[in-house]
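For reference, the structure discussed in these notes is given below.
Atoms considered below: every heavy atom in the structure, side chains included; atoms not considered: hydrogens, waters and symmetry mates. The shown structure was predicted, so the numbers you read here are calculated from the model rather than taken from an experiment. A note on names: the letters A, B, ... follow the listed sequences, proteins ahead of strands, and every chain is numbered from 1.
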Amino acid sequence: MDNNTNDIESENDKVKEEWIKIQDELRNQLIEKDQLSFNLKDNTLKYIGGVDISFVKDNQEDACACLVVLEYPTMKIVYQDIEFIKLELPYIPGFLAFRETPFLIQLIDRLKQSQDNSKFLPQVIIVDGNGILHPRSFGLASHLGVLIDIPTIGIGKTFFHVDGLNAKDVKKQVELSCHKGGDFIELKGESGKVWGLALQSNDDSKNPIYVSIGHRISLETSLEIIKTTTKYRVPEPVRQADLKSREFIRLHFNNTTSSSNSNSSSK
DNA sequence: GCGACAG
DNA sequence: ATCTTGTCGC
């Protein structure tokens, strides 16, 4: 029986090794500077995207993927696509991209192919997950960005330990240095590398968000965009994607499945 | 060996 | 990720 668990463990290690190779390869295509189809100074940023996946409770595989496109800077939703999906892989810290990326790409592809809506293809996408703020500098936002070749910004809501940085010290630093919305600190690790920023979203948000480069954008431009699209704790594009996907689950999944406490009838 | 660990 | 009421404040 111990042999079984050992076999499984070594199988998992093999898979992780393969995944690491894949990401090492993809990372060669990662661009950590501005390579954009717009300039923030001259109103050429029109469409900004947000993606998120929400889950059905007590369920590791039934979920809802959402892509929204907002008009900049009005933040009005001009396009949305929401669908039920079945996750095929578990959540493994450090390998989130392999779990979620296939479904997000599908949403982007559908928009690209849309006869009427392809004009809404976002010029930059804000992703619910880190960019290069990641053990191998290649989180979900970067992985997705490279695969779809669209600029992305990574947003984390909880800190991911990397390069000697840890949540406790980071939050302590934020407490000391950030007092109002827009204040931020650099996330500089032991190696000296700047992995991203901890940003106070608004004047009364105590809990920071973590901004990092996804793909084809600089940290400076990322910050500028995040600041101008954030009203609540998380930027409006990802917030809307989150709200839409949760609502979809509430409306179409809940009473549709047995799952839990209905009126316990028979017995 | 032990703990940490995006969503 | 998800589970949840009240509560503080504009």
Answer yes or no: is there an ion pair linking [X] with [Y], defined by an N-O contact shorter than 4.0 Å?
{"X": "A:Lys14", "Y": "A:Glu17", "value": "no"}
{"X": "A:Lys180", "Y": "A:Asp183", "value": "yes"}
{"X": "A:Asp149", "Y": "A:Arg216", "value": "yes"}
{"X": "A:Glu175", "Y": "A:Lys172", "value": "no"}

Review point. Do A:Ser212 and A:Asn130 pass the side-chain hydrogen bond (donor to acceptor under 3.5 Å, both in side chains) test, and can you show the C-alpha distance, the side-chain angles, and the key distance before you say yes or no?
Key: CA-CA 6 Å; A:Ser212 59; A:Asn130 292 319; 4.6 Å; no

**Request:** Could you check whether the rings of A:Phe95 and A:Trp19 sit parallel, tilted or perpendicular, using 30° and 60° as the cut-offs?
**Result:** tilted

Atom [atom1] of [X] to atom [atom2] of [N]: distance rounded to whole Å?
{"X": "A:Asp242", "N": "C:dA1", "atom1": "CG", "atom2": "C1'", "answer": "10 Å"}
{"X": "A:Lys206", "N": "C:dG9", "atom1": "NZ", "atom2": "C1'", "answer": "17 Å"}
{"X": "A:Asn202", "N": "C:dC10", "atom1": "CG", "atom2": "C1'", "answer": "13 Å"}

Pair A:Asn39, A:Thr44: side-chain N/O donor-acceptor within cut-off below 3.5 Å | no

Annotated structure of DNA chain B as dot-bracket, pair cut-off 3.5 Å, Watson-Crick or G-U only, | for inter-strand, is .......

Fill in: Centroid-centroid distance, A:His252 to A:Phe248, less than 6.0 Å
yes

Atom pairs under 3.5 Å, N or O on each side, protein against nucleotides 3-7 of chain B: can you list them with distances?
{"unit_1": "B:dA6", "atom_1": "OP2", "unit_2": "A:Tyr91", "atom_2": "OH", "d": "2.8"}
{"unit_1": "B:dA6", "atom_1": "O3'", "unit_2": "A:Thr158", "atom_2": "OG1", "d": "3.4"}
{"unit_1": "B:dA6", "atom_1": "N7", "unit_2": "A:Gly94", "atom_2": "N", "d": "3.1"}
{"unit_1": "B:dA6", "atom_1": "N6", "unit_2": "A:Gly94", "atom_2": "O", "d": "3.2"}
{"unit_1": "B:dA6", "atom_1": "N6", "unit_2": "A:Phe95", "atom_2": "N", "d": "3.3"}
{"unit_1": "B:dA6", "atom_1": "N6", "unit_2": "A:Leu96", "atom_2": "N", "d": "3.0"}
{"unit_1": "B:dA6", "atom_1": "N6", "unit_2": "A:His134", "atom_2": "NE2", "d": "3.4"}
{"unit_1": "B:dA6", "atom_1": "N1", "unit_2": "A:Leu140", "atom_2": "N", "d": "2.9"}
{"unit_1": "B:dA6", "atom_1": "N3", "unit_2": "A:Asn130", "atom_2": "N", "d": "3.3"}
{"unit_1": "B:dG7", "atom_1": "OP1", "unit_2": "A:Lys157", "atom_2": "N", "d": "2.7"}
{"unit_1": "B:dG7", "atom_1": "OP2", "unit_2": "A:Thr158", "atom_2": "OG1", "d": "2.6"}

Taking only N/O atoms, report every protein-nucleotides 3-8 of chain C pair under 3.5 Å with atom names and distance.
none

Next item on the list: Check whether more than 12 heavy atoms from other residues, nucleotides or ligands sit under 6.0 Å from atom NZ of A:Lys193, and answer yes or no.
Entry: yes

Margin query: For A:Lys188, is the NZ atom crowded, meaning more than 12 foreign heavy atoms sit under 6.0 Å from it?
Written below: no

